Each structure stands twice: as structure tokens, then as C-alpha cells.
Amino acid sequence: SQGQDSIRNISSVSKRCRLSPGCFVQYLWVWNRVQDLNSALPFVLCLGDCQLQAPCRIQKCTTDFVSLTSHLNSALDGFDLEFCKALRAYSACTYRNSKVCRGNLVYHSAVLGISDLMSQRNCSKDGPTSSTNPEVTHDPCNYSGHTEANEYQGGEKTIPTYLFCGLFGDPHLRTFKDHFQTCKVEGAWPLIDNNYLTVQVTNVPVVPGSSATATNKITIIFKSYQHCTDQKVYQAVSDDLPAAFVDGTTGGGDGSTKSLQIVDKVSGKYVEMHARYIGTTVYIRQLGHYLTLAIRMPQELAMAYEESQDLQLCVNGCPSSERIDDSGHLPLPVRGQLLPQAGAARPRSAYTLETATSKCHEKMLVKDIYFYSCVFDLLTTGDANFTAAAHSALQDVEALHPRKERWHIFPSSRDGGVGKGSKPFVSLGLACLILVAFL
């Protein structure tokens, strides 16, 4: 009934508008928050003489606000300060347009929204405001600002492409190309080695007589970049996950808004690193005795490396000699008993295929590659902490991977074996649903 009343009012205004010379009808599709309708309704605005009526520039106010806040990260120091400055600039812009926009519902919604946000963030009405002058707001130590420079200078706006890479478990690798592999890679291996960042992991055996390994050390080098940051080195080992770089600092760069910063999310268990100057985010967790890593980085920077730096697991995956899946197939376990490696004795897993599947299903309802990795690790090690590792790895994908439709990777099956390419895991198929055992 409310929608019908709105439509009758629109019709009435339209008729009155047609009787006035120099008058026109402007239709605005808006979300009617006041009446809480479940659909968008057209709003008809009857304006006076077109030549005397200045345009309502509420859309410009909103665009400027989004530009000022899109790069801000609520996890970093200085967020509230910068957000409040942007809100005050937004409020001042709406005030300048109050007369010409007084009949615009979008304008009134914006005014109410600004008031709500200022209350939520405890922003004072008086204080400094962000400048909407592109020459002033451009931050050379903010990667998102780099991508907007061309637009401000009259060029086309470019939206950066981000890539994701993750390593967890025994270990399982998801490359920048979304290829999923299980590898041996014992010892120190480079995940990333480009002109801006180096990430190296060290893997150690987890089960006697098996080629399965897991990560117990991560070293990250953020290379010096202009005046944004000096070189910073971070190192984590099992049972020592610091919230600082090796020099004792927690960030890089000058000013209240650091261009590089470590955030301690769960003391000793989970840290994040935010490198604004290269648009890169890193998550490191400790689950049980081993470490996991997830990273998001702009494609143009991730691919900026010399020919001699081509050994990067995140870029090219594991060498074929280090792949646990041999020619796309794996020997399969029998009731949790792993096949021995070269005659070496190996302890029996505490899990059977059935109990491992049930345990993993407690945390992961979707039977994607992360679910199968969980079962694989339980059958391999008998360590329940690998269940949490697989679950957290999927959560990191959902937080950092730029394309939602690629969050889940599902295994391909070929004659009951393990598929090749980006999905080198066996599907449930028969009873041998799991990719276990090693060369």
C-alpha cells in the first residue's frame, strides 16, 4: 500500500509539472529507507526553470568520500583520524549543496548516513578535513593511490589485479595461478622473490619414514622502497611468532599512518603484515607446532623479477621432482596405514579414512580441496592441529583472494586417481577418496 501511495504521488507531481513552463520531471531510482520498502521506487522531482536551477552535486560529494576512504584499513593506527577527516569533508560538501539538493532523496540519505557514521566513530563536527584536491591527496606510499594517478591526470582509471598464494599443512601450496599442489620441499625454499619482496619458508619432516614435511620457519624481507620504508626483515619460527621485525620495530615509514605495519591479532598465534606502499597483505599463523602463510599482492609487482629469480613456488609451483603426486597419481592408504617409504617403518595413523573424514567435516562442510587436504594430513600425521590449519587456510582465502568464484577448488577425478594441473587431488570416488602416501 505504501508503494501504491508513492506511485500515486508521482503521478500527481508529473501532472503538475506538465502545467508549468520550463519545468521538467527528473526520475531518480532510490531505496526508500524511511518507508522500508522491499524494492527501489522511482522518485519524481519537479524542478523550476532549467536555466536558473544549479545541478545537485551529491554524487560528486559521495565519489570524493569513497576516494578518500577506499584505501584506509581499520586494522591500522590512524584509521579513525583519517576516516573522521573524510567524513567532515563529506559533510561540508553536502552543506554546500543543501539548497540545490533539498528535493533530492539521495542527498537526504547521505546527510543521515554521515550523521550516523560520525556518531559511530565518535567524530567531532569541528576539526580538520581531508582535501579532495587530487594533487594534495595523492600518497606516493599508498599503492592504491598510484593506480588512481592516471585518472586524476586525465587518463583512464586502472583497477589493479591482485594475486593470492598460500602454504599450509604437509605442505599444500596454492600458487598465484590458483594451482593446488602437495609437495615435499624439505629445507629452505623461496615462495616469492621479486623486486619488492622476498618470502622464504623452511620445511621439516613431520613423520619418521615419510617425505611429508611442514613449515617451521618463515622469513620475509620487505625491500627498501623510495622514502616509504627502509628494508625490514621479519622472521617467525615454531613457538616464536613475534609481532615485530628483527630490529624490534613494528612498522616502516614516517607519519601516523605507516606504509608498513605489523598487527598482532592473536598473541603468539596470528599476525598480519600490511605493506601499503606495495598493496600487499600477509597473514602468518601458528597451529600446533607448524606455521601457515597467506599473501595477497598486486600482479604487476608479483611478476616484477629477474630471469635468475624464477625459482618461486608461488609463481611456478613446486619442481616436478618435489611433487608428492607422481604423474598425477598417488598410492592410497589402507584403513589409515600409510605405505612405507623405501622400506622404512612408519607409525600407524591414529585415524582411519572414516574418522579422518568425520573430523574434517566438523569444520569444513564443503568437500573442496581444503577438505581433502585436511583428511590427507590427518591420515599422514594423526595430528588434529592440521584440521585447524586447513580450516584457517580456507578462511585466509576468503579474506584475501580477490575473486570469490575461485575461493573453492574442487578435485578432479581420472580413473579413480589424482588429477593433474591445478587440481592434483583425488575425489572420494570409491573408498580411496584421499590423496595420501608418498613416493
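Just so it is clear, the model here is predicted, and its values are computed rather than measured.
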>> I'd like to know whether W189 forms a side chain to side chain contact (heavy atoms under 4.5 Å, CB included) with E322, so could you lay out the CA-CA distance, the side-chain angles of the two residues, the decisive distance to 0.1 Å, and finally the verdict.
In response: CA-CA 11 Å; W189 289 80; E322 296 294 326; 3.7 Å; yes
Do other residues, nucleotides or ligands put more than 12 heavy atoms under 6.0 Å from [X] [atom1]?
| X | atom1 | value |
| --- | --- | --- |
| E307 | CD | no |
| K223 | NZ | yes |
| K359 | NZ | no |
| Q231 | CD | yes |
| D230 | CG | no |

> Got a salt bridge between R285 and D396, using NZ or NE/NH1/NH2 to carboxylate O under 4.0 Å?
Replying inline: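 So R285 pairs with D396 through a salt bridge.
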>> Do the side chains of E186 and K184 get close enough for a salt bridge, i.e. N-O under 4.0 angstrom?
In response: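 Looking at E186 and K184, the cut-off is not met.
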Between [X] and [Y], which heavy-atom pair has the shortest distance, and what is it?
| X | Y | answer |
| --- | --- | --- |
| S259 | C228 | OG-O, 2.6 Å |
| K177 | V315 | CE-O, 3.7 Å |
| L241 | G268 | CB-O, 3.7 Å |
| L163 | A302 | CD1-CB, 4.2 Å |
| N97 | C56 | OD1-C, 4.4 Å |
| V375 | T357 | CG2-CA, 4.0 Å |

> Hey, mind stepping through L167 and L313 against side chain to side chain contact (heavy atoms under 4.5 Å, CB included) and telling me if it holds?
Replying inline: CA-CA 10 Å; L167 186 76; L313 302 190; 5.8 Å; no
>> Between Y143 and T280, is the side chain to side chain contact (heavy atoms under 4.5 Å, CB included) condition met? List the steps.
In response: CA-CA 9 Å; Y143 178 78; T280 298; over 6 Å; no
>> As a quick check of understanding, evaluate side-chain hydrogen bond (donor to acceptor under 3.5 Å, both in side chains) for Y90 and T62, giving each step before the final call.
In response: CA-CA 7 Å; Y90 194 8; T62 302; 2.7 Å; yes
For the pair [X] (side chain) and [Y] (backbone), establish whether a donor and an acceptor sit closer than 3.5 Å, ignoring hydrogens and angles.
| X | Y | answer |
| --- | --- | --- |
| Q309 | E306 | yes |
| S373 | I369 | yes |
| K217 | V237 | no |
| S119 | S115 | yes |

Report yes if some heavy atom in the side chain of [X] is under 4.5 Å from a heavy atom in the side chain of [Y]; otherwise report no.
| X | Y | answer |
| --- | --- | --- |
| Y290 | N385 | no |
| V206 | H289 | no |
| N194 | L301 | no |
| I409 | R174 | yes |
| L173 | C165 | yes |
| L68 | K85 | no |
| M297 | Y196 | yes |
| N203 | T215 | yes |

Rounded to the nearest 0.5 Å, what separation is found between the [atom1] atom of [X] and the [atom2] atom of [Y]?
| X | Y | atom1 | atom2 | result |
| --- | --- | --- | --- | --- |
| I114 | R88 | CD1 | CZ | 12.5 Å |
| Y305 | L197 | OH | CG | 14.0 Å |
| T161 | R403 | OG1 | CZ | 9.0 Å |
| L291 | N216 | CG | CG | 7.0 Å |
| R57 | C101 | CZ | SG | 9.5 Å |
| Q59 | N104 | CD | CG | 10.0 Å |

Just say parallel, tilted or perpendicular for the rings of [X] and [Y], cut-offs at 30° and 60°.
| X | Y | answer |
| --- | --- | --- |
| H172 | F180 | parallel |
| F83 | F79 | parallel |
| Y234 | F245 | perpendicular |

Do [X] and [Y] have side-chain atoms, one donor and one acceptor, less than 3.5 Å apart?
| X | Y | result |
| --- | --- | --- |
| D239 | Q286 | yes |
| D193 | T198 | yes |
| T249 | K232 | yes |
| Q181 | H179 | no |

> Passes side chain to side chain contact (heavy atoms under 4.5 Å, CB included), D368 versus L394? Steps please.
Replying inline: CA-CA 10 Å; D368 62 359; L394 180 57; 4.1 Å; yes
> Is the distance between the ring centroids of F168 and Y370 less than 6.0 Å?
Replying inline: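 Yes: the rings meet the under 6.0 Å criterion.
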> Which residue, D383, L378, T380, forms the side chain to side chain contact (heavy atoms under 4.5 Å, CB included) with Y351?
Replying inline: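 Between Y351 and the candidates, side chain to side chain contact (heavy atoms under 4.5 Å, CB included) is satisfied uniquely by L378.
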